[in-house]
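No hydrogens, no waters, no symmetry mates; every other heavy atom, side chains included, goes into these values. Naming convention: chains lettered A, B, ... in sequence-line order (proteins, then strands); numbering from 1 in each chain.
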Protein chains: 2
Amino acid sequence: MSRQAPTLEDVARVAGVSRATVSRVINGVRNVDPGIQEVVRQAIERTGYAPNRAARSLVTRRSQTVALIVSGAGDTPGEEQNAFAARVFADPFFGRVVSGVVGYLRPRSMHPLLMFAESAETRSQVLADLRQGSADGALVVSTHADDPLPALLADAGVPTVLFARPSRPVRLSYVDLAHREGARLAAEHLLNRGCRRIVTVTGPLGVAASQDRLAGFRDTMARGGHPYVPVAEGGFTLDSGMAAMSGLLAEHPDVDGVFAANDLMAQGVCQLLRERGRAVPDDVAVVGFDDSSVAVTCRPPLTTVRQPVEEMAAAMAALLDEHVRGVRTEPTSLIFDPELVLRASA
Amino acid sequence: MSRQAPTLEDVARVAGVSRATVSRVINGVRNVDPGIQEVVRQAIERTGYAPNRAARSLVTRRSQTVALIVSGAGDTPGEEQNAFAARVFADPFFGRVVSGVVGYLRPRSMHPLLMFAESAETRSQVLADLRQGSADGALVVSTHADDPLPALLADAGVPTVLFARPSRPVRLSYVDLAHREGARLAAEHLLNRGCRRIVTVTGPLGVAASQDRLAGFRDTMARGGHPYVPVAEGGFTLDSGMAAMSGLLAEHPDVDGVFAANDLMAQGVCQLLRERGRAVPDDVAVVGFDDSSVAVTCRPPLTTVRQPVEEMAAAMAALLDEHVRGVRTEPTSLIFDPELVLRASA
DNA sequence: GCCCCGGGATAGAGCGCTCTCCCCGGCCGT
DNA sequence: ACGGCCGGGGAGAGCGCTCTATCCCGGGGC
């Protein structure tokens, strides 16, 4: 920046006190004479002093930064590195995560360091960065089941909080949604609406959340007198939703209700139904999951199960902060309640 | 992390050499005897050494981090801080920017630090962070014209590169698209297709890019014998696209071609046209701009002007890197060429 | 009047790294 | 044979901050 940034020393000289006193004023620690405090404050003002982050980090062993890691399983080998990032952020879900995380971090003047780990190579890169102290801890959002990163982080002793329960148990904190509960809301709504031939499009069944949503849906359907629910597995994408619905429709042409495990697939379901001449919601009612932005832009707008992603992300950051500060040492899980949002599709 | 991370000193002791030598091996500087090099490398392996970033930053005065700042004009006063972040990332455009930036940074083991500046308060916060050396420079994506941040950064002497030419001139590098050129492609395509009653939905006219796209479109239309083009201003959102098209349709019911200044608005245009009983592309041809992910998911898929966002973002990072390293000192602009992508909508 | 006490300030020792300066020894030129 | 040069290595001075140990000094207890 300018030729030579002022240091604590400079401020101390101007204020006529010692470095230590200035430091105490800045960090608001121990009793400092109010008069001197004022003098120091003015000196800071006058010199335009800004504390050097690196120097502070060196002694405090804190970087005031957390890594926000988007982690894939490396299932798309030929894929360009960056394509992963683009694909990830194409999903409005991540925007909401970022939003929640930043909401917590910013008032504490911390920032998220964005990292992507979608291959063995990038994973060890991320691990190395963390061990170098680039960040005080990690917030991990996995896009796939069987993501090896959480275990690696746990082994390395990096304070970590996950978004969603990992499919293989790891001694790490996480936040998650009561997925079964959400599926129950969807099932009850469809049932109350009078639907009788109900099918569901699940997420990838390797993902715990998909399993839970399916299980919750089936339970409630069974309790409502529907022991059998046709199922098709999707991949959380629009295309996979269309494909899954296409299959279901072929076998069950009289379907009148669909529960899709996320909004993107619900959109695909709607599109396919329209292409096949079914009106939504008049012929077939469709319920999505997430309440993401596509739920609103979709025609018709989706009735969906809201996942409070921003709050969950903020809680994730708060949890990590506690771990980093050492206030909390044991892994903890925080489960959030979903909510049914009524729109036009069901 | 673990109880006590190994330091250079530890490695040096194990290898039986001095700190300086180990440092040289790690940074690959000056000639070191290959034999000793090997010994040091093994010592690093054995101790599990990872250089401390803070210590290194302190002396090199480099953080190996760049700030990726999304900057708004603070036009939505009542808005929650985080809502801004969510809104921003709802636009697939930013995902592509992140992708491009990360593509450049990662091979150099640098990371983007995510920051948002949408109010006077957060702007000065960002500025303070940068002055503290949290990042070596700033990559700025403004969502609004009249964004005061670029000027502030320039004044503070922070190495900065902007995405898109600022509406008020600032001594800062930027990357941008040849917007007029892109609009020309759209106009020519519509004309070649045989459209005769063509209208356009522009972006917010305070934004230079919107102006340029409009100007380029008008020029080409004029050159093609269409001196007058009905115009409606939108806000780059789906809703604003629908609203703008609604107005245009009322005044020009016989419209047969539309150029929308981005894909989101083009999607809105398509939706409105369908609601009003017009078929796309049979009754009305629609051309978008950006080639964002909605261009693909939209029904029908959009013919659009591709903006090579990832490349532009990568170039932005590269430019910043040069500024930071001092290789380049003068502000520079890099203009990229657009490309017409043909799909179903026109 | 002396001693002890404690609030308020300072001195100075690092934190872990880089980098400049210096030293050593072998090889060349004259 | 000797001095200079140069490749390869070491010693040590910081970078700017925090924090512990220490000091100073005024006041209260006996």
Side-chain angles (χ1 to χ4, degrees), chain A residues 1-41 43-44 47-64 109 128-129 131-134 136 325, chain B residues 1-41 43-44 47-64 109 128-129 131-134 136 325:
Chain A
M1 324 288 155
S2 6
R3 39 192 169 296
Q4 194 60 344
T7 78
L8 253 199
E9 191 75 49
D10 298 328
V11 178
R13 199 175 321 113
V14 171
V17 298
S18 75
R19 246 186 7 256
T21 302
V22 179
S23 175
R24 260 186 262 118
V25 170
I26 289 173
N27 298 308
V29 85
R30 257 182 50 178
N31 316 339
V32 177
D33 184 287
I36 297 211
Q37 232 170 95
E38 189 47 34
V39 171
V40 169
R41 234 175 273 292
I44 291 175
T47 50
Y49 172 75
N52 179 313
R53 200 129 184 177
R56 181 177 285 185
S57 287
L58 180 55
V59 37
T60 59
R61 308 176 155 286
R62 284 281 145 73
S63 64
Q64 297 294 63
S109 56
D129 279 324
R131 297 199 329 123
Q132 291 184 21
S134 306
D136 298 332
R325 294 204 321 263
Chain B
M1 324 282 161
S2 11
R3 39 191 167 295
Q4 194 62 343
T7 79
L8 253 200
E9 191 74 50
D10 298 328
V11 178
R13 200 176 320 113
V14 170
V17 298
S18 76
R19 243 186 7 253
T21 302
V22 179
S23 176
R24 273 190 220 115
V25 171
I26 289 172
N27 297 308
V29 85
R30 257 182 47 177
N31 313 340
V32 176
D33 184 287
I36 297 211
Q37 231 171 95
E38 189 46 35
V39 171
V40 169
R41 234 176 273 291
I44 290 175
T47 51
Y49 172 74
N52 180 312
R53 200 131 186 174
R56 182 178 285 184
S57 288
L58 180 55
V59 37
T60 60
R61 309 182 152 281
R62 283 281 144 73
S63 65
Q64 297 292 64
S109 56
D129 280 324
R131 298 198 331 121
Q132 292 184 21
S134 308
D136 298 331
R325 294 205 321 263

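Across V11(A), V40(A), I36(A), a single residue satisfies side chain to side chain contact (heavy atoms under 4.5 Å, CB included) together with V25(A), and that is V40(A).
Base contact: R19(B) has a heavy atom under 4.0 Å from a base atom. Nucleic acid contact class of R61(A) (heavy atoms, under 4.0 Å, all strands): sugar-phosphate only. Among the atoms of the strands shown, only primed sugar atoms or phosphate atoms (P, OP1, OP2) are found under 4.0 Å from some heavy atom of V17(A).
Per the geometry, CD belonging to E9(B) stands 13 Å off P belonging to dT18(C), to the nearest Å. When the P atom of dC17(D) is taken as reference, atom CD of Q132(B) falls 10 Å away, rounded to whole Å. For the pair Q64(A) CD and dT18(D) P, the interatomic distance rounds to 11 Å; values are reported in whole Å. One atom, CZ of R53(B), and another, P of dC17(D), lie 20 Å apart when rounded to the nearest Å. Taking atom CG of L58(A) as the reference point, atom C1' of dA13(C) lies 13 Å away to the nearest angstrom. In this structure, R131(B) atom CZ and dG16(D) atom C1' are separated by 15 Å, rounded to whole Å. One can place CG of D10(B) at 13 Å from C1' of dC15(C), the figure rounded to the nearest angstrom. Atom CZ in R56(A) sits about 18 Å away from atom C1' in dG14(C), given to the nearest Å.
Where A50(B) and R24(B) each meet DNA chain C at their nearest nucleotide, the meeting point lying more 5' is that of A50(B).
For D33(B), whose side chain is taken as the heavy atoms from C-beta onward, the closest listed nucleotide among dG16(D), dT20(C), dG8(D) is dG8(D). You'll find that the side chain of N52(A) is closest to dG16(D), out of dT18(D), dT20(C), dG16(D). Set against dA9(C), dC15(C), dG16(C), the side chain of V59(A) has dC15(C) as its closest nucleotide.
Between the side chain of Q132(B) and the backbone N or O of R53(A), no donor-acceptor pair lies under 3.5 Å. Formation of a donor-acceptor pair under 3.5 Å by the S23(B) side chain with backbone atoms of R19(B) is not found in this model. In this structure, the side chain of R131(B) engages the main chain of G48(A) through a donor-acceptor pair within 3.5 Å.
Between dT18(C) and S23(B), a contact under 4.0 Å exists linking OP1 or OP2 to a side-chain N or O. Put simply, S18(B) has a side-chain N or O that comes within less than 4.0 Å of OP1 or OP2 on dG10(D).
Counting only heavy atoms from C-beta outward, the side chains of V17(A) and V22(A) approach each other to under 4.5 Å.
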